[in-house]
Amino acid sequence: MDSKIKNYVDVLFKDVPKTKKAMELKEEILSTLNEHFEAHIAEGKSENQAYTDSLADLGDIDELLKSLEPEMDLKIKIDEYRKKRAKYTSISVVLYILGLVCLIGIPGITSVFGLGDEDKTGIVGLILMFVFAAVGTAFIVYVNMSAPQDVKDYLTKSGPAESSARGGRKGNRAVDSFMPIYWTLVLVIYMFVSFKTGAWYISWLIWIIGYAVKEAIYAFAGKDEKDGDCK
């Protein structure tokens with residue numbers, strides 16, 4: 001297989017959603033180009049000339065790519081879901097911020113104005129942060145899990161067999177869906193330990209540990225997926 005042809009086809013499909021239809025067309029184009037390339041080489045042409053002629057033989061590639069565009073009904077469905085996802089993601093971010101405001105602000109106001117027991121209001125702030133974080137995470141999980149099956153392939157440029165944009169590893173939807181919950185738990189643990197012990201100078205290590213655990217989760221999930229493919 002000529003590497004220039006493979007690179008050309010990869011670039012051609014770079015921004016095309018990795019649907020089953022797109023992957024089939026990509027393989028078909030790749031196979032056709034390589035067949036034409038080998039045929040031109042057999043005719044005695046140079047590799048550069050064979051490459052140029054192979055692309056010319058392919059014809060109007062734009063027409064082929066247009067066939068991959070979703071139907072109008074599906075386009076409307078995709079747009080509606082994207083608006084829904086943006087809405088719920090924005091709400092979740094606001095809820096996370098409100099949770100931190102409660103955790104830090106309620107005890108702070110109590111301390112400044114002497115309005116009550118600082119320890120008790122600290123607990124109230126912590127509980128409110130848990131509540132806001134839980135609701136925000138629930139929104140994120142809900143909106144991700146509620147994506148219609150025929151819409152999912154159009155929401156990302158990396159398909160199931162492509163590297164994950166978050167780390168160059170094979171995608172795992174179950175783990176990806178769990179990550180918002182995971183980082184919320186890490187945040188809660190970090191804030192709780194930091195306020196409880198006052199050891200802010202060292203509690204930041206929780207984030208490093210959290211990142212290491214995240215990598216281990218992805219590595220374990222990738223191993224399971226690989227083992228499953230081998231069976």
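The basis for the numbers below is simple: all heavy atoms, side chains too, and nothing from hydrogens, waters or symmetry mates.
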Could you give the distance from [atom1] ([X]) to [atom2] ([Y]), rounded to the nearest 0.5 Å?
X    : Y    : atom1 : atom2 : result
M23  : E27  : CE    : CD    : 8.0 Å
N144 : S146 : CG    : OG    : 7.5 Å
N34  : I5   : CG    : CD1   : 4.5 Å
S54  : E38  : OG    : CD    : 9.0 Å

Report yes if some heavy atom in the side chain of [X] is under 4.5 Å from a heavy atom in the side chain of [Y]; otherwise report no.
X    : Y   : value
F37  : K4  : no
F132 : I97 : no
Y51  : H40 : no

(message) Going by the rule ring-ring contact (aromatic ring centres under 6.0 Å, His included), which residues pair with F139 if we only count those two or more places apart in sequence or in a different chain?
(response) Y88
(request) Go through the structure and list residues passing ring-ring contact (aromatic ring centres under 6.0 Å, His included) with W207, not counting sequence neighbours. (result) Y190
(request) Kindly determine whether Y8 and L33 satisfy side chain to side chain contact (heavy atoms under 4.5 Å, CB included), including the steps that lead there. (result) CA-CA 10 Å; Y8 170 79; L33 284 174; 4.1 Å; yes
(request) Might you point out which heavy atoms bring A50 and I41 nearest each other, and give the distance in Å? (result) CB-CD1, 3.8 Å
(message) Could you report the tightest heavy-atom contact between G136 and S92, atom names first, then the distance?
(response)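 Reported closest heavy-atom pair: O-OG, 2.8 Å.
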(request) Using atom types as modelled and distance alone, determine if a side-chain donor or acceptor of Y81 lies under 3.5 Å from a backbone N or O of V143. (result) yes
Linking I/L/V/M/F/W/Y whenever their side-chain heavy atoms sit closer than 4.5 Å, directly or via other members, would [X] and [Y] fall into one cluster?
X    : Y    : answer
I202 : I208 : yes
Y182 : M145 : yes
V101 : M129 : no

All side-chain contact (heavy atoms from CB on, under 4.5 Å) counterparts of [X], not counting sequence neighbours:
X    : result
L185 : I181
Q49  : K45, S46, D53
V193 : I189, T197, I206
I209 : V213

Listed partners of [X] passing side-chain hydrogen bond (donor to acceptor under 3.5 Å, both in side chains), at least two apart:
X    : value
T137 : Y96, T184
T52  : none
Y142 : K84
D10  : K6, K26

